[in-house]
Number of protein chains: 2
Amino acid sequence: MADLNSTKDRILDEALTLFSEKGYANVYVGEIAARVGIKAPSLYKHFRNKRAIFEGILAEMEKRFLEQAGMLNISGNDATADVARYEVMDEDTLLKLGTDLFLFFLHDDFQRRVRKMLTIEQFQDAELAAVYQDQYVDAPLNYQAMMFGMLSKAGILKADSEEEVSVMAMHFYAPIYLLLTVCDRDPYREIVSLKKLEAHIRQFNKLYGRTMR
Amino acid sequence: MADLNSTKDRILDEALTLFSEKGYANVYVGEIAARVGIKAPSLYKHFRNKRAIFEGILAEMEKRFLEQAGMLNISGNDATADVARYEVMDEDTLLKLGTDLFLFFLHDDFQRRVRKMLTIEQFQDAELAAVYQDQYVDAPLNYQAMMFGMLSKAGILKADSEEEVSVMAMHFYAPIYLLLTVCDRDPYREIVSLKKLEAHIRQFNKLYGRTMR
DNA sequence: GTCTATAAGAAGATAGAC
DNA sequence: GTCTATCTTCTTATAGAC
């Protein structure tokens, strides 16, 4: 899917779009083919069967998720550098952090389609559920907890224990997650959701920020 | 579905179970029939077609949701009575409130299956998305906001404005929602999630409770 | 209301020409 | 690698006996 000029990648791309809108079972191979501009039987020169297309999408997904996690780790492993980076954390920086996370998940085309597809297909198979769990729950919570842990050690946020930090991460991320699912369901709610997101983060900062206590 | 002795209601019940596990398109009428203990053609004496079974479930759903909303309104309309009820609100009462909400959504068999079915089918049709939005986002948030508004007027919780109350409701409910979707995806995470829920509510109380400030 | 038999059609997949 | 023609299977739904 990296190169949308190759037919194989265009198949994956169109299939992902359709799967994310209608679910795997409601998409017919002829539909995918039509969007690519070929006939159904030609698909079988690129993929063994319909299932293989789905698995091709999962493979691409895994590849991109790993790249993404790698990026997080690079910034996350060097605690000293990170503390330095976040030392200047104020309300507007926190707001930007949350909004960026939200908008990346919401607007990145690949992210959006994969998330919707996994939402539909998550109950088919434990592996899909695990991918969803990791990507949209555990990884963001762990990342936020790591960051807030450093911020609280640096005296910027107020937390008395490791557990408080992990709850703090949930308090920061759960509203982002909720608003994300709201916008996936109804894109017209995006503007209202962005306002709610901002109100959430400002109040989060008021509740947890050292300067306010 | 009220009377599970009638074949018609047993069809709705088994269909809901299957739709919530595999999605509408992956369930065959013969499968539903087999669970009820009849053959596929016999189904058509009770429902015009497969779609009518799905719509029968939606009708039952709407009926139960309305009953449920009625119950909330009864307690919600009389503000004086509610303030009196919540005046003794302390951390343990708040904890029970949140846990009850969580466990009702999670364990009530009808709720659980309907929520999973709507999760799978939400992108098929704007009406299904709207039902989901109302039942699992807007209604709980409005209810919590109403309650926290009263509690803050009564001086039990700390909020300076209407908007703060609505953010407070999101801070209370969003983690509940997130943990709910986690448990739907993987029931083995229920025990851990209940612990996280408790930690969340205690910290919420610490952040927003008047007594702590 | 339930059954068996069967029609009708949809959808995945293959064969083989170009 | 793409096409047309076709096969096969699966699934919904109907007909008509009991």
Enquirer: Less than 4.0 angstrom between a side-chain N/O of A:Ser42 and OP1 or OP2 of D:dG1, yes or no?
Expert: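 Answer is no, no contact under 4.0 Å.
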Enquirer: What is the distance, rounded to the nearest whole Å, between atom CZ of B:Phe54 and atom P of D:dT12?
Expert: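 After rounding, the reported distance stands at 15 Å.
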Enquirer: Once salt bridge (charged side-chain N to carboxylate O under 4.0 Å, His left out) is applied, what residue pairs with a partner in residues 166-188 of chain B remain, sequence neighbours excluded?
Expert: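 Non-adjacent pairs meeting salt bridge (charged side-chain N to carboxylate O under 4.0 Å, His left out): B:Arg115-B:Asp184.
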Enquirer: May I ask you to verify if any side-chain N or O of A:Lys50 is less than 4.0 angstrom from the OP1 or OP2 atom of C:dG12?
Expert: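 Affirmative; the distance criterion is met.
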Enquirer: For A:Asp134, give me all partners under side-chain contact (heavy atoms from CB on, under 4.5 Å), at least two apart in sequence or on another chain.
Expert: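 Here the qualifying residues are A:Asp138.
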Enquirer: Looking only at the aromatic ring of each residue, does the gap between the centers of A:Phe204 and A:Tyr173 stay below 6.0 angstrom?
Expert: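 No, too far apart.
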Enquirer: For nucleotides 14-18 of chain D, give me every protein contact, N/O to N/O, under 3.5 Å, one pair per line with atom names.
Expert:
none

Enquirer: Hey, could you give me each pair passing salt bridge (charged side-chain N to carboxylate O under 4.0 Å, His left out) that has a residue in residues 170-182 of chain B? Not counting sequence neighbours.
Expert: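 Residue pairs with at least one partner in residues 170-182 of chain B: there are none.
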Enquirer: Please report the distance, rounded to the nearest Å, between NE2 in A:His46 and C1' in C:dG12.
Expert: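 Computing the A:His46:NE2 to C:dG12:C1' distance gives 17 Å.
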Enquirer: Out of D:dT2, C:dT4, D:dC3, which has the shortest distance to the side chain of A:Lys39?
Expert: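 My answer, after comparing the listed nucleotides, is D:dC3.
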Enquirer: Tell me: CZ of B:Arg51 to C1' of D:dA13, nearest whole Å?
Expert: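 In whole Å, D:dA13 C1' and B:Arg51 CZ are 16 Å from each other.
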Enquirer: Quickly work out the B:Ile53 CD1 to D:dT12 P distance and round it to whole Å.
Expert: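 One finds 9 Å between P of D:dT12 and CD1 of B:Ile53, rounded.
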Enquirer: Are A:Gln203 and A:Glu198 linked by a side-chain donor-acceptor pair shorter than 3.5 Å?
Expert: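 Note: A:Gln203 and A:Glu198 side chains miss the donor-acceptor criterion.
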Enquirer: What pairs meet the side-chain hydrogen bond (donor to acceptor under 3.5 Å, both in side chains) rule with one or both residues in residues 37-65 of chain A, with sequence neighbours excluded?
Expert: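 side-chain hydrogen bond (donor to acceptor under 3.5 Å, both in side chains) check on residues 37-65 of chain A returns A:Glu60-A:Arg64.
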Enquirer: Near DNA chain D, counting only heavy atoms under 4.0 Å, which residues of residues 9-22 of chain B show up?
Expert: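 None, since no heavy atom is under 4.0 Å.
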Enquirer: Whole-Å distance between C:dA11 P and A:Glu31 CD?
Expert: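 Those two atoms, CD and P, are 9 Å apart.
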Enquirer: Under the salt bridge (charged side-chain N to carboxylate O under 4.0 Å, His left out) rule, what pairs show up with a residue in residues 104-114 of chain B, not counting sequence neighbours?
Expert: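 Every pair satisfying salt bridge (charged side-chain N to carboxylate O under 4.0 Å, His left out) with a residue in residues 104-114 of chain B: B:Asp13-B:Arg113, B:Asp109-B:Arg112, B:Asp109-B:Arg113.
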Enquirer: Among residues two or more places apart or on two chains, list those pairs meeting ring-ring contact (aromatic ring centres under 6.0 Å, His included) that have a residue in residues 107-142 of chain A.
Expert: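 For residues 107-142 of chain A, and leaving out neighbouring residues, the ring-ring contact (aromatic ring centres under 6.0 Å, His included) pairs sorted by first residue read A:Phe105-A:Tyr136, A:Tyr132-A:Tyr136.
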Enquirer: What's touching nucleotides 6-10 of chain D from the protein side, N or O pairs under 3.5 Å?
Expert:
none

Enquirer: Give every residue pair that meets the salt bridge (charged side-chain N to carboxylate O under 4.0 Å, His left out) criterion with at least one member in residues 163-175 of chain A, sequence neighbours excluded.
Expert: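 Matches after skipping sequence neighbours: A:Glu164-B:Lys206.
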Enquirer: Can you tell me how far P of D:dT11 sits from OH of B:Tyr24, to the nearest Å?
Expert: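 Atom OH in B:Tyr24 sits about 14 Å away from atom P in D:dT11.
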Enquirer: Hey, do the aromatic rings of B:Phe54 and B:Phe47 have their centres closer than 6.0 Å?
Expert: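 For B:Phe54 and B:Phe47, the ring centres are not under 6.0 Å apart.
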Enquirer: Using atom CD1 of A:Ile38 as one end and atom P of D:dC3 as the other, report the distance to the nearest whole Å.
Expert: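 Checked: the CD1 to P distance equals 6 Å.
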Enquirer: Identify, with sequence neighbours excluded, every residue that meets salt bridge (charged side-chain N to carboxylate O under 4.0 Å, His left out) alongside A:Asp9.
Expert: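 With neighbours one apart ignored, the set is empty.
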Enquirer: What residues, two or more places apart in sequence or in another chain, satisfy side-chain contact (heavy atoms from CB on, under 4.5 Å) together with A:Glu91?
Expert: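 Applying side-chain contact (heavy atoms from CB on, under 4.5 Å) to A:Glu91 gives A:Arg202, A:Asn205.
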Enquirer: Touch check for B:Val27, heavy atoms < 4.0 angstrom, all strands: base, sugar-phosphate only, or nothing?
Expert: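 Contact class for B:Val27: sugar-phosphate only.
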Enquirer: What is the separation between atom CG on B:Leu43 and atom P on D:dA13, rounded to the nearest whole Å?
Expert: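 Spelled out: CG on B:Leu43 to P on D:dA13 is 10 Å.
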